[in-house]
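Below, read A as the first sequence line, B as the second, and so on, with proteins coming before strands; counting in each chain starts at 1.
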Amino acid sequence: MQYKEYKSVNYAAIADEVLAFWKENKIFEQSIEVREGSPTFTFFEGPPSANGTPGIHHVMARSIKDIFCRYKTLRGFQVKRKGGWDTHGLPVELQVEKELGITKEDIGKKITVEEYNQKCRETVMRFTDQWDDLTEKMGYWVDLENPYITYKNEYIESIWHLLKEFYNKGLLYKGYTIQPYSPAAGTGLSSHELNMPGTYKDVKDTSLTAQFKVIENHKSEFLFKASEGEVFILAWTTTPWTLPANSALTVGKNINYVLVKTFNPYTYLPVNVVLAKDLIGKYFSEKGKDGDFEGFESSDKKIIPWTIIAECKGSDLEGIEYEQLLPYVQPEAPAFRVIIGDFVTTEDGTGVVHTSPTFGADDFRVAQQHGIPSIMVKDETGKDVPVVDRRGRFVKEITDFALEYVKEAYLTDDEKEAERIKQGRDKYLSVDERIAIKLKTENKAFNVQRYEHTYPHCWRTDKPVLYYPLDSWFIRTTAMKDKLVELNKTINWKPESTGTGRFGNWLENLVDWNLSRSRYWGTPLPIWRSEDGEEVCIGSVEELVNGIKHALKDDVLNEEQRKKNESFIHSFTHSTFDLHRPYVDEVFLVSASGKLMQRETDLIDVWFDSGAMPFAQWHYPFENKEIFDANYPADFISEGVDQTRGWFFTLHAISGMLYDSIAFKNVVSTGLVLDKNGNKMSKRLGNAIDPFDTLGKYGADPTRWYMITNAEPWDNLRFNLDGITEVRNKFFGTLTNTYNFFALYANLDNYKMSETDRVPYANLPEMDRWILSKLYTLIKEVGEQFDDYNPTKAGRLVQDFVCDQLSNWYVRLCRRRFWQGEMTENKKAAYETLQQCLVTVAQLMSPIAPFYGDWLYKSLTDSIREEAKASNSPLRHESVHFTDWPTYDASWVDANLETSMELSQTVSSLIHSLRKTHKIKVRQPLQRILIPVLSESTREQIRHVEDIIKSEVNIKAIEYIDDDSGILKKKVKPNFKALGPKYGKDMKLIAEGINQLSAEDLKVLEKEKQFLIPNSQFLIALEDVEIQTEDVPGWLVVSDKGITVALDINISEELRQEGIARDFVNRIQNYRKDTGFEVTDKISIKLLNNNEALTAAVEANREYISQEVQALSLEVLSESPANAVEIEMDEFMLVVTVEVRA
RNA sequence: GGGCUUGUAGCUCAGGUGGUUAGAGCGUUACACUGAUAAUGUAAAGGUCCGUGGUUCGAGUCCACGCAGGCCCA
């Protein structure tokens, strides 16, 4: 037996079987070895974190990665894919804390940093077994023998090298970010701490709407033209103490603003103010609208008149300059202008946001984007500091309020009393209140109110937090923004919108990358600093060790520091050192001027870890320079679209900024895997799908095929197990059936393919040429889709070919060729053609369904492997994954033939439809069909496939009628596409005219190629209409896709008898099968003559019947034969004996 | 609140540059076929193309504004 036959197929079992084969023969390793010396195709693995268990979405994401690596291997590239593990970061820390029952506060108290980090290191790799298992079971080929692991010293050393590069280029600097800060506790608060219950409290604060006086110039001209006198922009704040630090006003680009003429409610001076149109009602009463301006001065001033004198968009206000509101401290660069921000709303205030980059996170970001400086003062060491100190007090430069707490809550009762006496008032007035008073008197306040809102408080001191600038280390991405934007344009994004939209916008609005994290488990920032700002950035372990040695020579260090340094040197010489905290914190260096330098305690953002992987995975530049050079940048990466600002960005930023290169050429950003109802999967909700269960039950191939072909990778996938069942039955079932059909008969015929001895094209039957034409077209299109990184379309093409063309048409129509007669050339051609189709399908599908593809390939070709090896022909490979992608050969493609076959399919379908409506079953032969054809080429195309149509629908003859026959009725339809551009508005008239054309008119049109629509001046051309045939009088007619078919349903006696004979054959065949006869058994039949019509039909078709059922004799008896059985036929009762003849 | 994205049959999805009757598979129903048979074929039913406006002779397709879901960011 050349070909294995399979009774029932379990796709999970196939995967297991093939996996065992892969493992035993190291097929993955070989698939890389066989391409040694070929061009490389580089893939970067975005590392998963192994501290969680894998989910079904990982199967999806990794299938995408796997597909293109396999595809490129087939295309002749060597594809190395190094696996990796992401090991640092907050999730690991949180998990450890949860398991130990501790909080961040306890680190260094209940548990040492050393122990804590040790615990993290153990935890993070806890689930690697599960991950490895999934990787294997889903058929993902990635090198897990030598993965990169981000916590390794080598990895960290590479990162340090990169950081030093940034440092040397002046792109790594110490700045600040705005973070929640508790002056009372003297510490920053994490978002976690801010989210603790009870931190947000309702408080009443003094809110203030300030008037910012606009400077008249060309930008603001339109405001002054519309008004007389001074123009102010109104901005609202609940923290008046931040006003001395104001350096910009932010408006919303699309918000509508108005200029209102009115009076200041405190000074009663005439003013013109700008605010959002939607918020007019908050500041002005309806009574004062368009009120009496003239009489205001002499009135009781209870109703302030106002009127709108101009309107504009926020974008019109951009760039307008204004006078500094509280000019205590001058900025170092031009400030005080209107900028655009996306966080402005019209829910509160005036639709204009007072912007202070030192005391607001949004403010900081938007100011940085627009190059607006912060209001800062120099401290005693010359360092820039904000106008509020770390205890929450104004600095001395804010003269009116020097050294006063900005929040009343920071004062004790005693302090308050002392202040009250100093102020000389009955009651202590807070800084906010006194700023309000000051502004009121200076005609700079438009509205002052007590305002109740919720505000976060420090969970330890219960005092309000400040948003305050805290030290942070940054990478100056803004300096290289243009370059990053330019480089991005050379990346092929799938889908494009992620690249231009989400990623492109992100780059356009770039702010400096904040690297600092105040944590314990991560890559330490390799910067050592002295108290007065001398610093060194360490770029390698060697540098560090040299630095330590140098420090030890000096006498700056104390005894303990020396000891710790020596301890590090000791661990280094014994190769037990660790670049994590706390060890690196215990390294003390000495600056050039002989000052002690300690490490900045920050860790770096874990995203830098993953973005550094192109370099760090190879320990570059300390090792593997050649490998790195050959594998940079990546040809292809793929991750979830949520990584756009994560991994995609960090890869891009590091490569772009340091090496002026993109990090990846092609990127597929994938969507989410949702549950079948479109909800996010989560273990908590219990709607998560277990990947191991799924793979075990359905097999990796149907699972992967379903995920890939159901939705394009970048769309969200609604994951439904029923979908896998469908794919399994429809696609894999059909394909396996087709293979089994091939194997069954090939084995019976003892057929064995040869790669060289093939039936030449000239001798191939039409059917074979057709399916091969389809096959070559398929090869081309599938390749194009894979090249375009669209696996969905590639898979769907393969699926359609297998189900619709190969199985439902080629095999179904060619069945006889396989089972009848001796091994003729025709039969040989059928085997060869089918086998070629199947082998090719195995190749084309193998990137998506790697186990099944290999299984199919091997089932089809194992029997000739030895010969193929000997002759070094294409099928010599043990695995489909070593083969070469089939070459597209246009000479096999016959478009004309493909059209013909489509016509035959259409015509057959039409006749089936007619038969059905008239309840004439296919087994009843009919005499003829009539096909009206309007062109000779159509006639030729149908004639080509006449035999196929005839046998498919069981008719004797096909006749054609054309114009000359005179019986053809034609229908004419307007061709809108052609008419539209010519006539436009007159379309309706013309369409009506065309629909009313008579048969005679049509004739004229066809003859003259043009026609004047009656009662109009519209001269239409032949191509302006579509002419179709409609009716054949006296026949049963149906049309579709421009083809009309008429069926002759007269059943002659002869046809009727043939129909009966076919029915008879059918019953005998069923009987043979039910009784368990072998396919090759010859039989004898005895039939009781109990009906003349039946007997006559049998007699008339004796030869046909005998041949079909392999009867050596067929007797009609007048008496019931011995051991007769009764078989029902539509109108008859067969009484027969059917016996095997020896 | 902002950016990106999705919305077509009960379900999952197709529907270049606008062209008048919007398709496929699954599911449902009916019928047929019967040496691929735990397979296969044919057909029927099933649609406010998310909504509202607009552009156009003509809109599922283009534009605007909404609604609903998703992701990321605030």
Side-chain angles (χ1 to χ4, degrees), chain A residues 7-8 252-254 341-347 361-362 365-366 495 497-498 500-506 508-509 640-646 669 671-672 674 676-680 706 709-712 714-720 722-723 725-727 729-731 733-734 736-745 792-793 796 799-800 803-804 807-808 811-812 815-816 818-820 908-913 915-917 919-923 952-953 973-981 983-991 1065-1067 1069-1070 1072-1073 1077-1080 1108-1110:
Chain A
K7 283 274 176 314
S8 68
K253 177 172 61 183
N254 294 318
D342 57 16
F343 55 88
V344 183
T345 70
T346 55
E347 271 164 33
D362 276 332
R365 184 171 51 88
V366 73
S497 60
T498 302
T500 54
R502 194 182 278 219
F503 195 67
N505 290 345
W506 165 246
E508 290 292 345
N509 295 309
V641 68
D642 53 337
Q643 294 291 329
T644 308
R645 292 170 184 198
S669 75
L672 262 71
L674 308 171
K676 60 181 172 183
N677 298 317
N679 300 314
K680 202 173 168 173
Y706 160 71
T709 57
N710 193 56
E712 291 185 317
W714 35 88
D715 282 339
N716 289 346
L717 172 70
R718 290 188 172 198
F719 189 88
N720 189 345
D722 294 343
T725 308
E726 188 179 324
V727 156
N729 294 348
K730 174 120 186 79
F731 174 59
T734 304
T736 307
N737 253 323
T738 306
Y739 167 76
N740 264 340
F741 174 85
F742 169 83
L744 175 70
Y745 290 106
T792 306
K793 287 196 170 142
R796 285 176 181 172
Q799 184 167 313
D800 290 347
C803 295
D804 297 344
S807 169
N808 185 28
V811 172
R812 199 159 57 79
R815 279 185 302 206
R816 268 170 189 275
F818 290 89
W819 78 60
Q820 274 192 340
S908 300
S909 155
L910 288 173
I911 295 170
H912 277 304
S913 159
R915 275 181 174 276
K916 179 176 153 42
T917 44
K919 299 204 187 313
I920 304 168
K921 50 186 170 183
V922 180
R923 229 182 274 136
E952 174 69 4
V953 296
K973 272 174 62 183
N975 178 355
F976 289 96
K977 208 166 183 172
L979 287 165
Y983 299 106
K985 281 191 197 303
D986 298 319
M987 188 69 115
K988 277 193 177 133
L989 281 173
I990 295 188
V1065 167
N1066 165 247
R1067 297 308 192 276
Q1069 297 286 41
N1070 283 349
R1072 279 185 62 126
K1073 211 177 130 199
F1077 290 5
E1078 289 302 314
V1079 174
T1080 45
E1108 285 295 309
V1109 302
Q1110 304 183 66

Looking only at atom P, what distance separates B:G7 and B:C13, rounded to whole Å? 10 Å
Looking only at the side chain of A:L672 (C-beta and beyond, no hydrogens), which of the listed nucleotides B:A36, B:C73, B:C71 gets closest? B:C71
Atom P, compared across B:G53 and B:G58: separation rounded to whole Å: 16 Å
Winner on side-chain proximity to A:N710, out of B:U42, B:C71, B:U12, is B:U12
Using atom P in both nucleotides, what's the gap between B:U6 and B:G15 to the nearest angstrom? 12 Å
Polar side-chain contact A:S807-B:A36 base: donor and acceptor under 3.5 Å: yes
Checking A:N710 side chain against A:Y706 main chain: does a donor-acceptor pair fall under 3.5 Å? no
Take atom P in B:A32 and the same atom in B:G69, then report the distance between them in whole Å. 49 Å
Can you tell me, in whole Å, how much space there is between the C1' of B:G2 and that of B:U8? 29 Å
Where the side chain of A:D362 is defined as all heavy atoms beyond and including C-beta, which of B:U5, B:A74, B:A14 is the nearest nucleotide? B:A74
For the side chain of A:N808, counting heavy atoms from C-beta on, which of B:A74, B:U40, B:A14 is nearest? B:U40
Among the nucleotides B:A36, B:A14, B:G70, whichever has the atom closest to the side chain of A:D715 is B:A14
If you assign A:R645 and A:S497 each to the RNA chain B nucleotide with the nearest heavy atom, which residue ends up on the more 5' nucleotide? A:S497
5' priority, RNA chain B, between A:R365 and A:R796 [closest heavy atom]: A:R796
Under 3.5 Å donor-acceptor, A:N716 side chain and A:L672 backbone: yes
When you get a sec, tell me which of B:C4, B:G25, B:U40 is the closest nucleotide to the side chain of A:N505? B:C4
B:A36, B:U34, B:C13: which one has an atom nearest the side-chain heavy atoms of A:N1066? B:U34
Is there a donor and acceptor pair, one atom on the side chain of A:R502 and one on the base of B:C71, closer than 3.5 Å? yes
Once you measure the plane-to-plane angle for A:F818 and A:Y745, does it fall in the parallel (<30°), tilted (30-60°) or perpendicular (>60°) bin? tilted
